[in-house]
Amino acid sequence: MRRLRFLTMALATAALSLPLTAGVAGADPAADRQSVPHSNARLDRLRDAAPEDFVVGTAVAGGGHHLEQDYPDPFTSDKTYRKILGRQFSSVSPENQMKWEFVHPERDRYDFEAADAIVGFAERHGQVVRGHTLLWHSQNPQWLEQGGFSKEELRAILREHVTTVVGRYAGRIQQWDVANEIFDDRGDLRTQDNIWIRELGPGIIADAFRWAHEADPKAKLFFNDYGVESVNAKSDAYYALTQDLIRQGVPVHGFSVQAHLSTRYAFPEDLETNLRRFDALRLETAVTELDVRMDLPETGMPTDAQQKQQADYYQRALSACLSVEDCNSFTIWGFTDKYSWVPVFFQGEGAATVMTEDFGRKPAFHALRSTLQAARGD
Ligand code: G3I
């Protein structure tokens, strides 16, 4: 199957010309609200169009910026959303629901309700789960950040958290983002804003991987970051660190690029080259949070040209991953503009996902599907 993927990459690009041209005229809002009544129904789904050893994922909307919006929790309340989530994807990543402030709101209290619901949903729908995340500088609870703990206490707190959270889902999480965004854009460790590195030193990173591995020996353990799609100072820092940790026998299994892209900037041409150098270290690689934002015109509606450019970025990111031997997990950071984080964080930008707010499929959706289908070789 893997060889087929390589052989068919050229076909993928050729197959794209049709949906891209056909799709820019407008999204198709009805496509995901009803089943497709013909023999190609299976390949209508991203998850089924994909090669057998390749999962296509999405973030599961909830928590975080959603709490500030005027809609109820998407995952529990939006039936259309849930239907598409189950139907289209073979991997899910809790967007916020496994982060510290959500699962560990008080020092002596965990709250797994939302995370359990996602893992249960995934199992009922034959999906794998990416756990996100264990050691990060952001979305930590006040009790932790402002607790004035000693080094010994902090170390014990992290160990207990990793053991409890990873242990709870042992055997049920395919990949964990153990360490998230530990370097800044210059490739320096975040020694100020990351409480763990600041208080305990860089050695705590290896310990987090060791504790996670003890709690779930089957889970693949990843470093995950943004701005590391290309070969640059930040991805170089990960390259050096992962080599060092592998040499020491630390259970690090993967390096993943978030890929929050923007049409303001050129596509990271060397994404595949970059993934390949980590692959050569025998690490798995993954694309974990892909979206492609754009400057919205005054109408709020992307132009055909913008949609086409966006589809091209989605397709190229997917093709890069498909071309790398052990890049087997490809995740978009939400599938509908209705719940995207982008407009909340970037004024005047948006339309970053593959479906409109009413779940109409954009050219980017068709680009992903035809590229997967060509790689599968059906
Ligand atoms: O800090 C306040 C908190 O005090 C308050 O209780 C809460 C409820 O209103 O709001 C708080 O902050 C929110 C935070 O989530 C924590 O819930 C922010 O306003 C909100 O914007 C934030 O959003 C999430 C963001 O991570 C935080 O960094 C987004 O929903 C989520 O999509 C986004 O996801 C990250 C990945 O985890 C890592 N990679 C980048 C990606 C996009 O930023």
Check: CD of Glu113: more than 12 outside heavy atoms within 6.0 angstrom?
Finding: no
Checklist line | Side-chain ion pair, Arg172 and Asp116, N-O less than 4.0 Å | finding: no
Next item on the list: Assert yes or no for the condition that the ring centre distance of Tyr339 to Tyr81 is strictly below 6.0 Å.
Entry: yes
Check: Any side-chain donor-acceptor pair under 3.5 Å between Gln307 and Thr303?
Finding: no
Note to self: Under a 3.5 Å threshold, yes or no: a donor from one side chain and an acceptor from the other, between Thr353 and Asp337?
What the structure shows: yes
Checklist line | Exercise: do Gln258 and Glu181 side chains pair donor with acceptor under 3.5 Å | finding: yes
Next item on the list: Using the test side chain to side chain contact (heavy atoms under 4.5 Å, CB included), find all partners of Ser230 that sit at least two apart in sequence or belong to another chain.
Entry: Asn232, Pro268, Asp270
Next item on the list: For Glu153 and Ser150, indicate whether the former's side chain and the latter's backbone hold a donor-acceptor pair under 3.5 Å.
Entry: yes
Item checked: Heavy-atom donor-acceptor pair, Asp48 side chain to Asp44 backbone, under 3.5 Å -> no
Check: Is the His104 to Tyr110 ring centre distance short of 6.0 Å?
Finding: yes
Next item on the list: Measure from the side-chain N and O atoms of Arg82 to the backbone N and O of Phe75, and report whether any donor-acceptor pair falls under 3.5 Å.
Entry: yes
Check: Below 4.0 angstrom, N of the basic side chain to O of the carboxylate: do Asp185 and Lys234 qualify?
Finding: yes
Notebook entry, point to check: Quick one: does Arg47's side chain have a donor or acceptor within less than 3.5 Å of a partner on Gly86's backbone?
Noted result: yes
Next item on the list: Give a yes or no on whether the backbone of Glu95 and the side-chain of Ser93 come within a donor-acceptor separation of less than 3.5 Å.
Entry: no
Notebook entry, point to check: Would you say the side-chain atoms of Ser256 pair up with the backbone N or O of Thr285, donor to acceptor, closer than 3.5 Å?
Noted result: no
Check: Has the side chain of Thr133 got a donor or acceptor atom that lies under 3.5 Å from a matching backbone atom of Asp177?
Finding: yes
Checklist line | Residues in ring pair (Phe, Tyr, Trp, His ring centres under 6.0 Å) contact with His253, at least two apart in sequence or another chain | finding: His213
Notebook entry, point to check: Which hydrophobic side chains are connected to Phe346, either touching it within the sub-4.5 Å cutoff or through other members that do?
Noted result: Trp333, Trp341, Val342, Val344, Phe345
Notebook entry, point to check: Who are the ring pair (Phe, Tyr, Trp, His ring centres under 6.0 Å) partners of Phe223, not counting sequence neighbours?
Noted result: Phe209, Tyr238
Next item on the list: Sequence neighbours left out, what passes ring pair (Phe, Tyr, Trp, His ring centres under 6.0 Å) with Phe149? Give chain and number order.
Entry: none
Check: How many angstroms lie between atom CG of Leu221 and atom CD of Gln175, to the nearest 0.5 angstrom?
Finding: 9.5 Å
Next item on the list: Name the orientation class of the two ring planes belonging to His161 and Trp100 (parallel below 30°, tilted from 30 to 60°, perpendicular beyond 60°).
Entry: parallel
Item checked: Partner set under salt bridge (charged side-chain N to carboxylate O under 4.0 Å, His left out) for Arg264, not counting sequence neighbours -> Asp295, Glu349
Margin query: Once you measure the plane-to-plane angle for Tyr313 and Phe267, does it fall in the parallel (<30°), tilted (30-60°) or perpendicular (>60°) bin?
Written below: perpendicular
Next item on the list: Would you check if the side chain of Gln127 reaches a backbone N or O of Phe89 as a donor-acceptor pair within less than 3.5 Å?
Entry: yes
Margin query: Whether the side chain of Arg198 engages the backbone of Gln192 through a donor-acceptor N/O pair (distance < 3.5 Å, no angle test) should be reported.
Written below: yes
Check: Under the 3.5 angstrom rule, does the side chain of Ser77 hit a backbone N or O of Pro74 as a donor-acceptor pair?
Finding: no
Next item on the list: Establish, from distance only, whether the side-chain atoms of Arg276 and Ser323 form a donor-acceptor pair under 3.5 Å.
Entry: no
Check: Is it true that atom CZ of Arg282 has more than 12 heavy atoms of other residues, nucleotides or ligands lying nearer than 6.0 Å?
Finding: no
